[in-house]
Amino acid sequence: MSASTLSDVAVSGHFTAGSQWTPVHESTISVYSPLDGSLIGAVPSAGADTVDQVVENAQNAFKTWSTTPVKERVQVLFRFKNLLEKHSGELSELIQRENGKTLAEAKAEIDKGIEVLEFASSLPQIWDQTSLEVSTGVSCQYERYPLGVVLSITPFNFPAMVPMWTIPIAIACGNAFILKPSEQVPLTSVRLGELFSQAGLPDGVFNIIHGGRETTELLIDHPGIVALSFVGSTKVAKLVYQRASALGKTALALGGAKNHLVVVPDADPEITAKNVIASAMGCAGQRCMAASVLILVGETGNILDHIIEEAQKIKVGQDIGSVISHDAKKRIEGYITRAEAAGYKVLVDGRGPVVQGKEEGSYVGPTLIDGVPPGAECACDEIFGPVLSVIRVNSLDEALAIENANPYGNAAAIYTTSGAAARYFSERANAGMVGVNIGVPVPREPFSFGGWNDSRFGHGDITGMDGVRFWTKLKKITTKWTAAAAKNWMS
Ligand code: NAD
């Protein structure tokens, strides 16, 4: 740890009524940079009083915001987009500092968040309030209404992008919004709040409450919050989904993942190697879309040599950032050590790298483990670090059987130059997002993001039109007018 103390660092408050708020009686949560272990900030941990107050602020804001026409609501989003672009450098540095990823990765997550913002800004053009004459003189019409005060609980790995999956769509739909960011990376979101205010978003429409598990539970249970989304680990996703559903709340909870990449003999060696390594090692493997199992089918020639070469080119602390914490580093390295002890071959070993001048940072280098059986711990658990386990099989069907048997279902990808193999795989992979020669098959907006199986609890995807459906409710209005009623003065 560096020498700084809590009194040296600024406390970033909750965000409500258009500004930061730090209740004096609340304890604080320290925020450390995983890049070098230094103390970089702190946030308060909200108790019941704070939650009550923020929900009340949001409820008050909802009254006016929900009746503001959608064309007016999205004007704020246009201004917010300009501000995000203007402040993208500063935000990227903040994301890098609190999360540990590289600056380029931090910038890329802002760009991806902006895509969702652009989608939400187009809502007036795609708003689906159809009307139809269902019998003579009788029409049926859909009207979409916001839900009320809604909540989003987010993980550490994308301090800007994951919050941006939900904030713009929920707000454009007319809801008042409370974000509960990860207590490990709470600082970026406070800047988002300030930029929203600068963009002219009315006070109380966007709010942030800081805290960990207890605060999150207070929020889920609060009767003033009607719907929530969650993104994080499968264990917590399931708990949160069950807790919210038991209270009759609308909930969507995205969980963890174990993503498989399948390489068949006709794959292009160089393109495949670069792409496999980018998928497994990007963001230090801390992406729910990161590859963590590589299945080589039959004779794949020297593809693995190319993959090893690509992994060895990566400079730790430069091309790959840190993982989120010392605990995460210890956990990830434990998986590698146990895999080695079980007799699997560690082809590239990322344990214990030292980054000069950042000896207190939490770094793990790219790691490749070969000869892994399908049931091995490292082939089944979500390690959430830059570790790729290699499994060898004889046929595409065997590869598919392994992919299909894993309980998660975020992403799966095939590397091939054969359209038939690509089609065969896409139809049979048991995942919500499938890639062909793309190792991180995140759909670009307006295509929606969402996995299957234990990677998602609830219905639908989190972005795109599914996001609009999730954050609104439909009213069906049936109207009958008779022409006679207007006869006196119209004819
Ligand atoms: P996490 O589940 O530990 O925490 C997520 C959020 O839940 C945080 O805000 C945390 O404060 C809160 N929380 C933690 N424990 C809780 C509890 N018992 N009750 C209520 N709230 C609780 O996840 P993390 O470590 O921050 O993030 C990494 C995980 O997120 C990985 O598993 C990754 O795959 C997953 N993830 C999934 C997606 C997706 O789209 N499926 C996207 C990003 C990350």
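Each ligand, and each atom within it, is numbered from 1 in the order the structure gives.
- Counting heavy atoms closer than 4.0 Å to ligand 1, residue E382 contributes side-chain atoms (C-beta onward) but none from N, CA, C or O.
- Which parts of ligand 1 touch I153 is read off a 4.0 Å heavy-atom cut-off, strictly below it: atoms 6 (C), 7 (O), 9 (O).
- Closest to atom 41 (N) of ligand 1, if we only count protein heavy atoms, is G255 O, 2.7 Å.
- Protein heavy atom closest to atom 6 (C) of ligand 1, with residue, atom name and distance, is T154 O, 3.6 Å.
- Among F230, W165, F158, the residue whose heavy atom lies closest to atom 7 (O) of ligand 1 is F230.
- For the atom pair L296 CG and D370 CG, the distance stands at 7.5 Å (nearest 0.5 Å).
- Here E115 pairs with K112 in a salt bridge; the nearest charged N to carboxylate O distance falls below 4.0 Å.
- For the pair Y408 and ligand 1, no heavy-atom separation below 4.0 Å is found.
- An N or O contact shorter than 3.5 Å links F156 to ligand 1 by distance.
- Checked against the 6.0 Å centroid threshold, F15 and W21 do not count as a close aromatic pair.
- Contact annotation: F449 has at least one heavy atom less than 4.0 Å from an atom of ligand 1.
- The pair K258-E382 does not count as a salt bridge, with every side-chain nitrogen at least 4.0 angstrom from each carboxylate oxygen.
- For E214, the CD atom sits in a loose shell: 12 or fewer heavy atoms of surrounding residues, nucleotides or ligands are nearer than 6.0 Å.
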